[in-house]
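Numbering of ligands and ligand atoms starts at 1, following listing order. In this chain, residues are counted from 1 in sequence order.
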Amino acid sequence: MSFKIPKNLRIPGPTPCPDYVLEAMGQGMINHRGPEFQDMIHRTTEGLKSIFQTSNDVFILTASGTGAMEAAVVNTLSPGDTVLSVSIGVFGDRLGQIAETYGANVIKFTTTWGTAADPNDVKKVLDDNPNIKAVIVTHNETSTGVTNDMAAISKVVKDADKLLLVDAISSLSSLPFYTDEWGCDVVMSGSQKGYMVPPGLAFISVSERAWEASKEATMPRFYWDFGRAKSYLERGQTPWTPAVSIFYALDVALQGMFKEGMENVFQRHIDLANKTRAGVKSLGLKLFADETHASNTVTAIDVPEGVNGGDLAKRMQSDHDVVLGGGQGSLTGKIFRIGHLGYVYEEDISLVLSALEDVLPKIGFNG
Ligand SMILES: *Cc1c(COP(=O)(O)O)cnc(C)c1O
């Protein structure tokens, strides 16, 4: 390759992978309809169920996270269904767009970006629109660095007796998530965020209620069809050729996480997020997200006045081998983001903070 792999890839996905995960992917191919794959898919599916904290069905799709988002929509809804989209950023908007693309009647609920959705406001919209069939919501909005209070939001949705589809793509495996306790009917996640695995696999859980909905749902589906996924999983297979190499990676990465212990994984993410937020504030920078709902997997920071966000990213990489995330959508150039999810430890964050301290004054910051 003609480029260098950065030492400190601090974007919120794809995230760095440990050597043992990368090495696992170097193994040769196996028959994806043979006994070795059968063992591996059963083992990884069970592992994911424990991370999702669910006894619902869990399927592993060969796709990026957006594939799981599309699967959630097309398997449970029909054109003309009224859907409440609770969006607090770019990824929430995307889920609403998918529902709209397939013909759902989408009611858009949003907040000022950088803040979380207030469960009482969601309740009001539900009360005012009794025809709503399903609620789609993002647990952790990666574009703004905000985590919604899923315990409270899911309670409101379940009290109103609606179907609940949750994008937990950048939170599951890094933040505690209680699929069954919260009554989440479909939950989506993706390999390249907190799992220490390259992009290529998406994960999705399906409740009994979601199965009921899927029987009535008439949106077109083929690649994403839950029914096909279930009947193949019973034989230890996927309907279509899976990304076998990424399965190898997932298999060992899950073992790595369980060896560390999920409670320790969660605590590490809390500690690193606290360190990141305290560190950037002490440099005189301003957090973009409302701190009471700031994410423990990604920190969004205002690009300070007098500084060009593009210059900041360039100098961080050229001078310190640190790759930062930029702003997305209308936040382009206005914020930058530090990903701290997956395979990340204290010294990685210390290096980012000292690199910022070095670079910022050189590009016009005098905070
Ligand atoms: C990364 C991400 C997605 C999916 O993006 P892909 O590029 O398709 O993997 C969706 N929602 C959130 C919150 C994400 O962070």
Side-chain angles (χ1 to χ4, degrees), residues 9-17 48 51-52 59-74 85-101 110-111 113-117 135-150 153 164-175 177 179 184 186-205 223-224 243 246 249-250 253 269 273 288-289 293-300 323-329 331 335-342 344:
L9 180 65
R10 293 271 68 85
I11 60 174
T15 61
C17 303
L48 289 170
I51 288 178
F52 276 61
F59 302 122
I60 304 174
L61 313 171
T62 288
S64 80
T66 307
M69 295 161 91
E70 187 156 324
V73 168
V74 298
S85 161
V86 177
S87 173
I88 62 168
V90 169
F91 290 105
D93 283 358
R94 182 184 299 177
L95 192 51
Q97 253 169 29
I98 294 170
E100 231 164 32
T101 300
T110 190
T111 60
W113 285 17
T115 64
V135 177
I136 52 182
V137 59
T138 319
H139 177 218
N140 185 74
E141 179 48 74
T142 320
S143 68
T144 60
V146 171
T147 306
N148 270 321
D149 180 352
M150 267 323 296
I153 292 175
L164 176 58
L165 316 180
V166 184
D167 171 351
I169 292 175
S170 63
S171 52
L172 254 169
S173 81
S174 307
L175 314 182
F177 193 96
T179 300
C184 302
V186 179
V187 178
M188 309 136 227
S189 197
S191 60
Q192 82 275 25
K193 302 291 169 87
Y195 298 83
M196 313 186 288
V197 171
L201 295 177
F203 318 127
I204 194 158
S205 70
Y223 188 85
W224 306 124
I246 314 294
L250 176 65
H269 283 82
F288 174 72
H293 291 92
S295 168
N296 285 336
T297 63
V298 54
T299 295
V323 178
L324 297 173
Q328 294 166 284
L331 296 174
I335 63 165
F336 66 97
R337 293 172 302 151
I338 301 172
H340 34 78
L341 71 169
V344 52

Engineer: Could you verify whether a donor N or O on one side chain and an acceptor N or O on the other, from T297 and H269, lie under 3.5 Å apart?
Structural biologist: no
Engineer: Ligand 1: which residues have a non-hydrogen atom closer than 4.0 Å?
Structural biologist: S64, G65, T66, M69, F91, R94, T138, N140, T142, D167, I169, S170, Q192, K193
Engineer: Can you list the steps and then say if S87 with S85 is a side-chain hydrogen bond (donor to acceptor under 3.5 Å, both in side chains)?
Structural biologist: CA-CA 6 Å; S87 173; S85 161; 5.1 Å; no
Engineer: Within the side chain of E70, is there an N or O that forms a donor-acceptor pair under 3.5 Å with the backbone of I98?
Structural biologist: no
Engineer: Output all residues satisfying side-chain hydrogen bond (donor to acceptor under 3.5 Å, both in side chains) with S189, sequence neighbours left out; order by chain, then residue number.
Structural biologist: Y195
Engineer: Who are the ring pair (Phe, Tyr, Trp, His ring centres under 6.0 Å) partners of H139, not counting sequence neighbours?
Structural biologist: F177
Engineer: Tell me every residue that passes side-chain hydrogen bond (donor to acceptor under 3.5 Å, both in side chains) with T66, counting only those two or more places apart in sequence or in another chain.
Structural biologist: R94
